[in-house]
Amino acid sequence: LHLPLIFIMGAALRPVDVRRLCRWICVIAVAMLPLLIVQFLSSPESFVNTVAGGEGLQISSAMGKIRTPGSFSYILGVVYFYSLVLAVALTAEMETAYVTSWLRRSAIAATMLVAALAGSRALLVSLAIVLIAPFFVILINRSYIGRTILLLILMLFVLLLASTTSIFKSGIEVTGARIESASEGS
């Protein structure tokens with residue numbers, strides 16, 4: 001189902017449709033961040049952390065926290081969505097006509113914060129795979145070197161700024177504990 005859909009989308013969508021889709025993906029990513037923060041800060045039994053169907057708990061992460069699902073019913077929704085968000089934002093950073101600079105950079109910042117709060121190893125791996133893509137782009141088209149360096153500086157700045165907040169520190173601690181507990185279980 002998914003592979004043919006790529007070709008249908010390529011044939012059916014106009015460039016203006018793709019730009020709109022990219023913009024809305026970034027808007028939704030930034031808009032979902034407060035929900036993910038509330039879910040992270042709330043107890044696993046809280047109503048914002050209720051599973052689909054209303055009974056039961058979300059999958060735990062570490063230190064009494066859950067793997068925050070955002071508006072999705074399961075953490076994989078966050079994994080797939082924010083991987084897409086980062087891919088769209090990085091592409092928009094290379095091809096500036098797609099999304100305004102403040103929106104794409106807000107989406108990148110939101111993705112970095114979500115990576116800390118989600119408590120998901122799958123999200124970290126997926127985002128790492130997406131982050132490798134600009135280096136392949138540079139191999140193909142050297143004119144993107146400047147933009148890629150600027151993007152890396154921007155992401156480092158956002159990371160340093162986020163690391164001063166208590167919620168980011170807490171998220172990193174929980175995600176680190178999650179990774180450590182999973183590696184001990186293997």
Side-chain angles (χ1 to χ4, degrees), residues 1-2 5-6 8-9 13 17-93 98-131 133 155 158-159 161-162 165-179 182:
L1 174 69
H2 295 90
L5 187 60
I6 294 170
I8 294 170
M9 289 175 68
L13 294 177
D17 298 327
V18 174
R19 281 191 212 85
R20 284 187 192 134
L21 183 62
C22 290
R23 255 186 253 124
W24 278 107
I25 287 170
C26 290
V27 166
I28 292 168
V30 173
M32 195 185 314
L33 182 61
L35 174 61
L36 287 154
I37 291 171
V38 169
Q39 288 176 327
F40 179 80
L41 294 173
S42 300
S43 72
E45 297 85 19
S46 175
F47 77 95
V48 295
N49 291 328
T50 303
V51 298
E55 293 182 24
L57 299 174
Q58 290 287 345
I59 295 176
S60 65
S61 177
M63 302 173 63
K65 299 290 184 183
I66 63 157
R67 298 182 212 170
T68 54
S71 62
F72 302 100
S73 60
Y74 189 65
I75 186 64
L76 286 179
V78 170
V79 171
Y80 298 140
F81 179 69
Y82 278 95
S83 297
L84 174 65
V85 168
L86 187 59
V88 165
L90 291 177
T91 301
E93 201 62 47
Y98 283 94
V99 180
T100 60
S101 62
W102 68 268
L103 182 56
R104 66 181 177 252
R105 292 176 181 164
S106 296
I108 290 170
T111 301
M112 293 172 71
L113 188 53
V114 168
L117 299 179
S120 169
R121 295 174 297 154
L123 178 60
L124 295 177
V125 170
S126 296
L127 294 178
I129 291 169
V130 173
L131 282 172
M155 291 178 78
V158 168
L159 190 61
L161 189 64
T165 65
S166 60
I167 189 155
F168 187 81
K169 289 177 186 176
S170 180
I172 291 292
E173 186 179 348
V174 169
T175 301
R178 164 82 180 108
I179 292 169

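Bear in mind the structure is a predicted one, so any value in this text is a computation, not a measurement. Just so you know, residue 1 is the first one in the sequence shown, and it goes up from there. Basis for what follows: all heavy atoms, side chains included, without hydrogens, waters or symmetry-related copies.
Smallest separation of non-hydrogen atoms from C22 and Y98: SG-CD2, 4.2 Å.
Looking at residues two or more places apart in sequence or on another chain, you find a side chain to side chain contact (heavy atoms under 4.5 Å, CB included) between T175 and L124, I179. Residues passing the side chain to side chain contact (heavy atoms under 4.5 Å, CB included) test with S106, sequence neighbours excluded: V30, W102. The side chain to side chain contact (heavy atoms under 4.5 Å, CB included) test applied to A122 returns V79, S120, not counting sequence neighbours. For A177, the side chain to side chain contact (heavy atoms under 4.5 Å, CB included) partners at least two apart in sequence or on another chain are A62, M63. Shown here are the salt bridge (charged side-chain N to carboxylate O under 4.0 Å, His left out) partners of R20, two or more places apart in sequence or in another chain: D17.
In this structure, L90 and L131 have side chains that are in contact, with non-hydrogen atoms separated by less than 4.5 Å. Looking at F72 and M32, their side chains come closer than 4.5 Å, going by heavy atoms from C-beta outward. A heavy-atom distance below 4.5 Å is not found between the side chains of L123 and I75. Put simply, the side chain of V174 reaches to within 4.5 Å of the side chain of F40, judged on heavy atoms.
Sorted by first and then second residue, the salt bridge (charged side-chain N to carboxylate O under 4.0 Å, His left out) pairs with a member in residues 102-114 read E93-R104, E93-R105; sequence neighbours excluded. Counting only residues at least two apart or in different chains, side chain to side chain donor-acceptor pair (under 3.5 Å) contacts with residues 66-86 are absent. Applying the salt bridge (charged side-chain N to carboxylate O under 4.0 Å, His left out) definition to pairs two or more places apart or across chains, none involves residues 70-85.
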Worked verdict on K169 versus T165 for side-chain contact (heavy atoms from CB on, under 4.5 Å) = CA-CA 6 Å; K169 289 177 186 176; T165 65; over 6 Å; no
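Heavy-atom contacts from other residues, nucleotides or ligands closer than 6.0 Å to CZ of F81 number more than 12.
Taken from CD1 in I108 to CG in L86, the straight-line distance is 6.5 Å, to the nearest 0.5 Å.
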